[in-house]
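The first residue of the sequence shown is numbered 1, and numbering continues consecutively from there.
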Amino acid sequence: MNPLAELVRMSRFALVSVSGTLVHYAVLVALVETDTLGPLPSSALGFLAGAITNYLGSRRWVFASDARHVVALPKFLAVAATGFTGNVAGMALALDWLQLPYLLAQILVTGLLFFWHYGANRLWTFARRG
């Protein structure tokens, strides 16, 4: 493993993650601030919208994967599902137990999940064979 290449890949993943996070937060804030849904379901829907953004950017730009969508997408969604569970659990903990404001809670949860998503997608979803 080339450390410089890995740093570039992780930096690209961070940029893709930021775009997915912006989509996530836009959905979250829009739904909460318009009184459409509460913070927890709004966060869940935002997470799903951000996941789609992240898949497309990760597949093409971060990992330059040629894996067929029929192979890569289910793996990505499995990783996202574990992240989704972590997001909901983390938000519930931060909102209910820690009584944090919803945006601060989301920032903390998102930061923790970044490392899980990178590692799982690097080593499994978009792993190069051979």
Side-chain angles (χ1 to χ4, degrees):
M1 171 177 30
N2 177 341
L4 182 57
E6 194 63 31
L7 181 61
V8 168
R9 188 178 297 114
M10 189 175 270
S11 297
R12 286 183 173 191
F13 189 80
L15 290 172
V16 167
S17 294
V18 166
S19 68
T21 298
L22 290 174
V23 169
H24 178 169
Y25 284 32
V27 171
L28 168 66
V29 171
L31 292 173
V32 170
E33 297 302 324
T34 59
D35 290 326
T36 303
L37 291 172
L40 194 54
S42 296
S43 175
L45 290 174
F47 184 92
L48 294 174
I52 293 166
T53 303
N54 287 337
Y55 172 74
L56 296 172
S58 292
R59 183 178 185 278
R60 172 72 82 197
W61 190 53
V62 176
F63 300 108
S65 175
D66 60 358
R68 296 178 354 178
H69 291 296
V70 71
V71 173
L73 184 58
K75 289 180 177 182
F76 186 88
L77 292 175
V79 171
T82 63
F84 177 82
T85 302
N87 182 73
V88 172
M91 283 295 286
L93 173 70
L95 293 170
D96 296 338
W97 287 14
L98 301 176
Q99 300 290 304
L100 295 177
Y102 78 93
L103 284 176
L104 176 59
Q106 190 65 74
I107 289 166
L108 293 173
V109 170
T110 299
L112 292 172
L113 289 174
F114 171 82
F115 295 101
W116 160 249
H117 286 120
Y118 179 79
N121 284 309
R122 167 82 170 89
L123 298 172
W124 186 54
T125 306
F126 300 111
R128 300 211 184 258
R129 290 185 271 173

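Taken to the nearest 0.5 Å, the NE2 atom of His24 stands 7.5 Å off from the OG1 atom of Thr21. In this structure, Leu40 CG and Leu45 CG are separated by 10.0 Å, a value rounded to the nearest 0.5 Å. Note that CG of Leu98 and CE of Met91 are 11.5 Å apart. Values are rounded to the nearest 0.5 Å. In this structure, CG in Asn121 is found 5.5 Å from CZ in Phe13, a value given to the nearest 0.5 Å. Between atom CZ of residue Arg122 and atom CD of residue Glu6 there is a gap of 4.0 Å, rounded to the nearest 0.5 Å.
Linking ILVMFWY residues whenever their side-chain heavy atoms come closer than 4.5 Å, directly or via other members, places Leu113 and Tyr102 in the same cluster. Residues Val23 and Ile107 do not share a hydrophobic cluster, defined by chaining ILVMFWY side chains whose heavy atoms lie under 4.5 Å apart. Cluster annotation: Leu108 and Phe115 are assigned to distinct hydrophobic clusters (Ile/Leu/Val/Met/Phe/Trp/Tyr, side-chain heavy-atom contacts under 4.5 Å, transitive). In the hydrophobic cluster analysis, where Ile, Leu, Val, Met, Phe, Trp and Tyr join through side-chain heavy atoms closer than 4.5 angstrom, Val88 is grouped together with Phe47.
Here the closest non-hydrogen pair linking Thr82 and Trp116 is OG1-NE1, 2.9 Å. Pro39 and Leu95 make their closest contact through CB-CD1, 4.3 Å (heavy atoms, listed as atom of the first residue, atom of the second, distance). The two residues Ala127 and Leu123 have their closest heavy-atom pair at CB-O, 3.4 Å. Summarising the geometry of Asn54 relative to Gly20, their closest heavy-atom pair is OD1-CA, 3.4 Å, with the distance given to 0.1 Å. Considering every non-hydrogen atom in both Val109 and Gly86, the closest pair reads CG1-O, 4.2 Å.
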Acceptor/donor pairs from residues 63-81 side chains to any protein atom, 3.5 angstrom cut, sequence neighbours excluded:
unit_1 : atom_1 : unit_2 : atom_2 : d
Ser65  : OG     : Ala67  : N      : 3.0
His69  : ND1    : Tyr55  : OH     : 2.6

Evaluate side chain to side chain contact (heavy atoms under 4.5 Å, CB included) for Phe126 paired with Val62, printing each intermediate quantity in order.
CA-CA 10 Å; Phe126 300 111; Val62 176; over 6 Å; no
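Residues Arg12 and Arg9 form no side-chain contact, since every pair of their non-hydrogen atoms from C-beta on lies 4.5 Å or further apart. Between Leu22 and Val18 there is a side-chain heavy-atom pair separated by less than 4.5 Å. Between Val32 and Ser42, the closest side-chain pair of non-hydrogen atoms falls below 4.5 Å. Residues Leu103 and Leu28 meet the side-chain proximity criterion, which asks for heavy atoms closer than 4.5 Å.
Evaluation of the side-chain hydrogen bond (donor to acceptor under 3.5 Å, both in side chains) test over residues 84-101, restricted to residues two or more places apart or in two chains, returns Ser43-Asn87, Asn87-Gln106.
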